[in-house]
Structures are given as structure tokens and as C-alpha cells.
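Residue numbers begin at 1 in each chain, while the letters A, B, ... track the order of the sequences.
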Amino acid sequence: MESLEASAYRIQPERGAQVVIEDAPLIEWAKTRGIPPSQAVITALERGILPVRYLKNRSALELSEQLRICRSRVLICGCGGLGGVLASLLGRAGVGSLRLADGDHFAPSNLNRQWFCDAESLGRNKAEIARDRIFKINPLLDVAAVPSHFGDSNAHQILDSVDLVLDALDNLPSRFQLFESARKLGLPFIHGAVAGWWGQVTTFMPGSAAHLGQVYGEDRHRSEAEEELGVLGPAAALIGSIQSMEALRLLAGRLPAYAGSLLYYDGESGEQIMVPLS
Amino acid sequence: MALKVFLAATLRRFVSGYDAGMGIAVDMTPGSCVRDVATRLGIPEDEVRVIMVNGVATRWDARLGADDRVAFFPAVGGG
């Protein structure tokens, strides 16, 4: 193939003309250049050519913002109820590099809420399944699986070269470890958690005085009472979606909505409460 | 003064027979604050992360008035 431009074509969405390219010629062009598709996406966007799969992002995002998102490297720590939603939405949005970490394997009790848990994936590692599914959803991305639990021994490797951390874990000791590691590296950290009908989101920006301890107090363990609440599928999908929205804001270079505030969602009453963290 | 108290998620285990739709009716002395309500119901302060009075987030020392609706929420940790 001679050039990207030869495979691109012009379409007329509502906000004016846009030159677009489909996945197959873009991937083919990347092959001829010996570069990964994610790099070809960046080259295309730099030349004003939008992968057509991102066309419907275009009314919400400037081309320069889509480019920033495609250049971004994000860690999703936990690939269960929240992480499956995050990986799906951010992968579709075009986040260029996704690192997906989870040491757990899919179990039948995950089927009510975890998007990548199905009859075929039961018993398999969550991060590896998530990687495979995301690659099918968007082959233009760099997607890597880390099939192990986050901890002190692998914190450095898991957080290496990422721009943003998404907390989709299911236990407090790991959440605190991830938070402290991200803070040391000066990385923005978007926290999400769920139980039963309830969920919460907050964002910790580098240099902020806010701390995960303000959300959980001295607690470092989930109570048995909370474990018994389980998690409803819509609660996980909703909180994962709100985290994804916050991630896109930050990756696009916009201001966070939940820095210094905890959004608490009560699915039983439908109330959303913004609580200042102080 | 009569108040209505609502508990979310795991806080409900501290009040036996809690009815999620109705909440709990509590009679407090005039001048009572949010903390006094939690103490009366036996809800540990460190389990509460969000307090609302009449739909507005508030603090432990907020003074309450007759017919106020007080809601307590814990932090959650699942993924």
C-alpha cells in the first residue's frame, strides 16, 4: 500500500467533512511499515485521518482529544464487575494501550455482572480473557494481560509506563497498595467500588492532599456484612461507566469531575450524592 | 422532636427489622445533632462515610430540626 491517504475517504457527518479510514487498510498499512496498529492510528490522526470506528466520538471529542486518548496508556487493575466495563468502554473509545491486571479466574457467581464471564470463559484467568475480548472489540489497540494479583512484588512492573490508574479491585488492602504506588509515581487514580445496590467513585489527582483513607477510614477489610450484599450487575455497570467517563475526561486533557469529591450512588432510592472529601 | 432515619447497605444490620422503604422513626431531644442519632441507634461512627440531612450532605455536628430526614451511608469496597 502506498499511503494511508489512498485508503482514506471523506464522509460528511453533521459537523462537517471528515476523512476516515477503516480498520483493515489501517492494519495492512501498519504491517507494511512494521509498526503496531496503535502507532498507525496515531500517524493517521496526526494527518487528520480518523479511524471510522471513532466517528461517533467526533461530536463529543475534538480530533486532538481523540489523538490524546489514542496515545494514552492506562492500567485497569481488576477485570471483574468494574474492570470488564472499563476495558470494554475505554477499548471502544480508543485508549491506545490497555494493561489489564487480575489474578482471579472466572467463577459461576461472576455471571450476574462481569461482562467477560460467560459459559466459555468459566475457570479461565480474567485478565487473559479480557485481553482476548478487547482485541476482538478493537484490534487497533495494544492490550496486555497481567494474570496476577497486584502486590508489592509486582507493583513496579504493573504500573510501569502508564498515564492513568483505574481502581477496579475488590478488596481494600490491594486498593490501598495500588493507591500508594500510583501516588508515588504521580499518576491520577480513579477509584470505583460497589456493593449490592450501592456504588462510589472518586478521583485522586497527583499532588492532591486527598487520600483513599478519607473514603474508608481505618478500614482495611471489607466486612462480612458487605460481602453478603454481593453486587448487582447494573451497579457494577453504572459505576464502571462513571469511572470510564472520568477517565476519558482526563485522557482528553479535560478537568476531572470527581477530584476532591466522592460520588455515592444509592441504587435503591436512585439518589446520587456528591460528598466533599476533607 | 420526631425524625426519620434511613440507613444504606451494611448499616442496616445495626437496626433489627429495618424497613428500607419506611426507614426508622426516632424521637430526639430538641437541639440534638447527627452524632446523637447515630449513638442512639448504635451505629458506629467509623462505619459511616456519608451523612445527609433532607437530601444535603452534612457533618456529624449538624443540628437537627423536627421532621428532618437523616440518612447514613457506609463506604463500599467490592468490584
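- Screening residues 213-245 of chain A for ring pair (Phe, Tyr, Trp, His ring centres under 6.0 Å) gives A/His191-A/Tyr216 as the qualifying pairs, with residues at least two apart or on separate chains.
- Minimum heavy-atom separation, B/Gly78 to A/Leu82: O-CD1, 4.1 Å.
- Looking at A/Gln214, only its backbone comes within 4.5 Å of chain B, counting heavy atoms on both sides.
- Other residues, nucleotides and ligands contribute at most 12 non-hydrogen atoms within 6.0 Å of the NE2 atom of A/His156.
- Residue A/Ile239 does not touch chain B at all, counting heavy-atom pairs closer than 4.5 Å.
- Heavy atoms closer than 4.5 Å to chain A are found in the side chain of B/Ala20, but not in its backbone.
- The environment of A/Met245 atom CE is sparse: at most 12 non-hydrogen atoms of other residues, nucleotides or ligands sit within 6.0 angstrom.
- To the nearest 0.5 Å, atom CE of residue B/Met52 and atom CG of residue A/Asp266 are 9.5 Å apart.
- Enclosure of atom CZ in A/Arg92 is not indicated, since only 12 or fewer non-hydrogen atoms of other residues, nucleotides or ligands lie within 6.0 angstrom.
- Counting heavy-atom neighbours within 6.0 Å of A/Arg73 CZ, excluding the residue itself, gives a total above 12.
- By the 6.0 Å contact criterion, NZ on B/Lys4 is enclosed, its count of non-hydrogen atoms from other residues, nucleotides or ligands being greater than 12.
- Contact annotation for residues 159-173 of chain A against chain B (heavy-atom separation below 4.5 Å, listed by residue number): A/Ala168, A/Leu169, A/Asp170, A/Asn171, A/Leu172.
- Interface remark: A/Glu268 contributes side-chain atoms only to the contact with chain B (heavy atom separation under 4.5 Å).
- Per-residue heavy-atom pair counts under 4.5 Å with chain B were compared for A/Gly83, A/Ala235, A/Ala193, and the maximum is reached by A/Ala193.
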**Check against side-chain contact (heavy atoms from CB on, under 4.5 Å), B/Val76 and A/Glu226** = CA-CA 7 Å; B/Val76 294; A/Glu226 192 199 315; 4.0 Å; yes
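- Looking at A/Tyr264, its side chain never comes within 3.5 Å of a backbone N or O of B/Ala75 through a donor-acceptor pair.
- The 12-atom threshold is exceeded at OH of B/Tyr18, counting heavy atoms of other residues, nucleotides or ligands nearer than 6.0 Å.
- Counted within 6.0 Å of CZ on A/Arg220, heavy atoms from surrounding residues, nucleotides or ligands total more than 12; the atom is thus considered enclosed.
- Contact tally against chain A (heavy-atom pairs below 4.5 Å) for B/Ala71, B/Pro74, B/Ala57, B/Gly55: the top residue is B/Pro74.
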